There are 2 protein chains.
Amino acid sequence: MEPRKLTRNQALVLETLTHAEAPLSAYTILDKLRDHGFRAPLQVYRALEKLTEFGIVHRLESLNAFVACTHPHDHGPEKGVIAFAICEDCGQVSEISDPEIEDRLAHLALKRHFTTEKTTIEMRGHCGNCTAA
Amino acid sequence: MEPRKLTRNQALVLETLTHAEAPLSAYTILDKLRDHGFRAPLQVYRALEKLTEFGIVHRLESLNAFVACTHPHDHGPEKGVIAFAICEDCGQVSEISDPEIEDRLAHLALKRHFTTEKTTIEMRGHCGNCTAA
DNA sequence: ATGCCACACGTTATAGCATAACGCAATTGA
DNA sequence: TCAATTGCGTTATGCTATAACGTGTGGCAT
Ligand SMILES: [Zn+2]
Ligand SMILES: [Zn+2]
Ligand SMILES: [Zn+2]
Ligand SMILES: [Zn+2]
């Protein structure tokens, strides 16, 4: 799933997300890329779709926004459940991979004869920095 | 947080969700209630906001849709984490309350000095009925 | 009763998020 | 070369959610 090379639009969108300090909506990305020739939402959404497939961008469902992957290890779309801790104050997003959570959810699903395709775990709250202040 | 009595609008929205066989979007609810005098999205959103506060309706972030609570026990907004198993085929939603998941997430948050305000857990996939068929 | 407050409600308008549908251009691999 | 695939650009549209304003009602202290 990892791409050999990103297209120009994909690279621009990824770069925008990488330099951002908080999750960005597709339309915010669009605005930031107008100087680079972006004119329509689809240019952003199409890039985001691919980047998400590649596993280098994540969509945060509870925000309708996107972040560049900051996970220590690479992960494609099939490499397991990721939990996100999202600070409401500063926007910082931490990715958490935890086998215990994963196993437990798998167990709970199995018990119900439920076949899981995709799992979303998002914790909204306040990070250490913002709590200390 | 439990209300003494629901307002007319709240009761209508709740009833619509209770009779539905799958999560409904606010606009779908609006359409179903036009015959009862509903004309604008805000009538639905305001009712949904209250019902969600009361803990008798849940919002599914990954669907931008709402379900009536089917949980065996009542739960207000502060009564713990709920995981949802959502069938992509028939729309059936199962609510899962699991202390192990809850404890583990609390532990992971604590380790990162993260204070959690709200947690979203949603599994998308296929229920037993739909897998068997 | 009068004034005040809190709350639900109704309406209009607007903001924010996402995709459909069309056609063109570049790439790739027979 | 030809066909298939993929990305791209554009226009239009649809879906989701909230802002802002005003009305009406019920409770409650004065
Ligand atoms: Zn990641
Ligand atoms: Zn923070
Ligand atoms: Zn419930
Ligand atoms: Zn099903």
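Nothing here was measured: the structure is a model prediction, and the numbers come from that model. The sequence lines fix the lettering, A, B, ..., with proteins before strands; numbering per chain opens at 1. Note that these values count all heavy atoms, side chains included, but never hydrogens, waters or copies made by symmetry.
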To the nearest Å, give me how far apart [atom1] ([X]) and [atom2] ([N]) are.
| X | N | atom1 | atom2 | result |
| --- | --- | --- | --- | --- |
| Arg8(A) | dT27(C) | CZ | P | 15 Å |
| Leu48(A) | dT19(C) | CG | C1' | 14 Å |
| Tyr45(A) | dG9(D) | OH | P | 17 Å |
| Leu14(A) | dG7(D) | CG | P | 15 Å |
| Leu6(A) | dT6(D) | CG | P | 16 Å |
| Glu49(A) | dT19(C) | CD | P | 8 Å |
| Leu63(A) | dA17(D) | CG | P | 13 Å |
| Phe38(A) | dT10(D) | CZ | P | 11 Å |

SG (Cys87(A)) and CG (Asn129(A)) are apart, to the nearest 0.5 Å, by 8.5 Å
Please report the interatomic distance CZ(Arg124(B)) to CG(Leu60(B)), rounded to the nearest 0.5 Å. 9.0 Å
Stretch residues 23-34 of chain B: residues that reach within less than 4.0 Å of DNA chain D through a heavy atom: Ser25(B), Tyr27(B)
Using side-chain heavy atoms (C-beta onward) and a distance below 4.5 Å, is Phe38(B) in contact with Leu12(B)? yes
Can you find a pair of side-chain heavy atoms, one from Leu17(B) and one from Leu48(B), that are under 4.5 Å apart? yes
So, is [X] near the phosphate of [N], with a side-chain N or O under 4.0 Å from OP1 or OP2?
| X | N | result |
| --- | --- | --- |
| Asn64(A) | dA18(C) | yes |
| Thr7(A) | dT6(D) | no |
| Gln43(A) | dG9(D) | yes |

Is Glu61(B) salt-bridged to Arg59(B), going by a charged N under 4.0 Å from an acidic O? yes
Determine the minimum heavy-atom distance between [X] and [Y], stating which atoms define it.
| X | Y | value |
| --- | --- | --- |
| Ala109(A) | Met123(B) | CB-SD, 4.4 Å |
| Phe114(A) | Ile86(B) | CZ-O, 3.4 Å |
| Ser97(A) | Val81(A) | OG-O, 3.7 Å |

Need to verify one output field. Residue with the more 5' nearest nucleotide on DNA chain D, Lys50(A) or Pro41(A)? Lys50(A)
Every protein N/O within reach of nucleotides 21-23 of chain C N/O, cut-off under 3.5 Å:
none

Qualifying salt bridge (charged side-chain N to carboxylate O under 4.0 Å, His left out) pairs, either residue in residues 8-31 of chain A, two or more places apart: Asp31(A)-Arg34(A)
